[in-house]
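Working notes for the structure below.
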Amino acid sequence: MYDQEPMIRVGLGFDSHRLVPGRKLLLGGVDVPSPFGEKAHSDGDVLLHALCDAIYGACGRGDIGEHFPDTDPRWKDKPSSHFLLEAGRLAKREGWRLVNVDATILLETPKLSPWKKTIAESIRRILAPVWELGESAVCIKAKTMERCDAVGRSEAIVAHVAVLLESGGS
Ligand code: MG
């Protein structure tokens, strides 16, 4: 134990979903046009799920599945913005402020470059009731898997997210 509690905390989030026809491809709350989307109990927003895990992890509060179990009918097709807002509220209650979000989405197709800014803005908007984030505080990056593995075959999508929290949430 340190004499003083740390002033900053890092959090790491990961999520993946299968891609299936007839579902929306939701990323950071944005409906990205695509012939297939995430199969899931909730709306399947892989980026918001990874972001929730990063925030919960930085707070030392487990993962999204502990807070919103996918066996609970209340969360069926629930907008993932609800989960993110709740994760943010918990972090703020515990005295944390979000410094920045850095995310990488792994998706073979469609190309996400035209959507990255819109997705970042959407995340800032979802979190606005909790924290006011500057434009550079949310960075969305996108990569393909060069046609390798399940992502490369367009069978799956993956998101990695890092967050930094600092004390002084109110
Ligand atoms: Mg998920």
Side-chain angles (χ1 to χ4, degrees), residues 9-91 96 98 100-112 115-116 118-127 129-131 133 138-145 148-165:
R9 289 275 190 89
V10 68
L12 188 62
F14 166 89
D15 196 29
S16 67
H17 281 270
R18 289 181 69 91
L19 292 172
V20 292
R23 289 274 302 189
K24 284 182 178 177
L25 181 63
L26 288 169
L27 289 169
V30 176
D31 185 355
V32 175
S34 166
F36 35 67
E38 299 112 325
K39 183 174 161 56
H41 182 70
S42 68
D43 69 6
D45 194 319
V46 70
L47 179 59
L48 292 189
H49 295 176
L51 177 51
C52 287
D53 265 10
I55 293 172
Y56 285 130
C59 295
R61 296 291 176 198
D63 60 38
I64 188 173
E66 293 173 36
H67 296 267
F68 303 101
D70 64 6
T71 49
D72 189 329
R74 274 181 304 167
W75 315 128
K76 181 157 166 50
D77 297 321
K78 191 82 179 170
S80 295
S81 53
H82 172 84
F83 306 143
L84 177 57
L85 200 49
E86 288 306 307
R89 284 189 172 128
L90 177 142
W96 297 105
L98 183 60
N100 75 307
V101 173
D102 188 19
T104 302
I105 301 164
L106 303 179
L107 179 67
E108 201 64 22
T109 181
K111 288 271 176 267
L112 292 178
W115 295 94
K116 290 188 289 191
T118 309
I119 292 168
E121 278 166 17
S122 173
I123 288 173
R124 288 166 54 214
R125 199 167 46 240
I126 294 166
L127 284 171
V130 187
W131 298 300
L133 299 169
V138 179
C139 181
I140 305 299
K141 308 188 298 298
K143 305 191 97 64
T144 71
M145 282 299 291
C148 292
D149 82 9
V151 171
R153 293 189 298 272
S154 289
E155 294 168 7
I157 182 170
V158 164
H160 295 272
V161 178
V163 300
L164 190 72
L165 304 183

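Whatever order the structure lists ligands and atoms in, that order sets their numbers, starting from 1.
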Are R89 and E86 ion-paired here, with the side-chain N under 4.0 Å from a carboxylate O?
yes

Testing the basics here: between I55 and A87, what is the closest heavy-atom pair and its distance to 0.1 Å?
CG2-O, 3.6 Å

Closest heavy-atom pair, L19 versus E38, reported as atoms and distance to 0.1 Å, is CD2-N, 4.1 Å

Qualifying residue for side-chain contact (heavy atoms from CB on, under 4.5 Å) with W115, from L25, D31, V30:
V30

Run through the protein N/O/S atoms less than 2.8 Å from the Mg ion (ligand 1) and write them out by chain and number.
D15 OD2, H17 NE2, H49 ND1

Could you list all the ring pair (Phe, Tyr, Trp, His ring centres under 6.0 Å) pairs where at least one residue sits in residues 39-62, not counting sequence neighbours?
H17-H49, Y56-H67

Could you check whether the rings of F83 and F68 sit parallel, tilted or perpendicular, using 30° and 60° as the cut-offs?
tilted

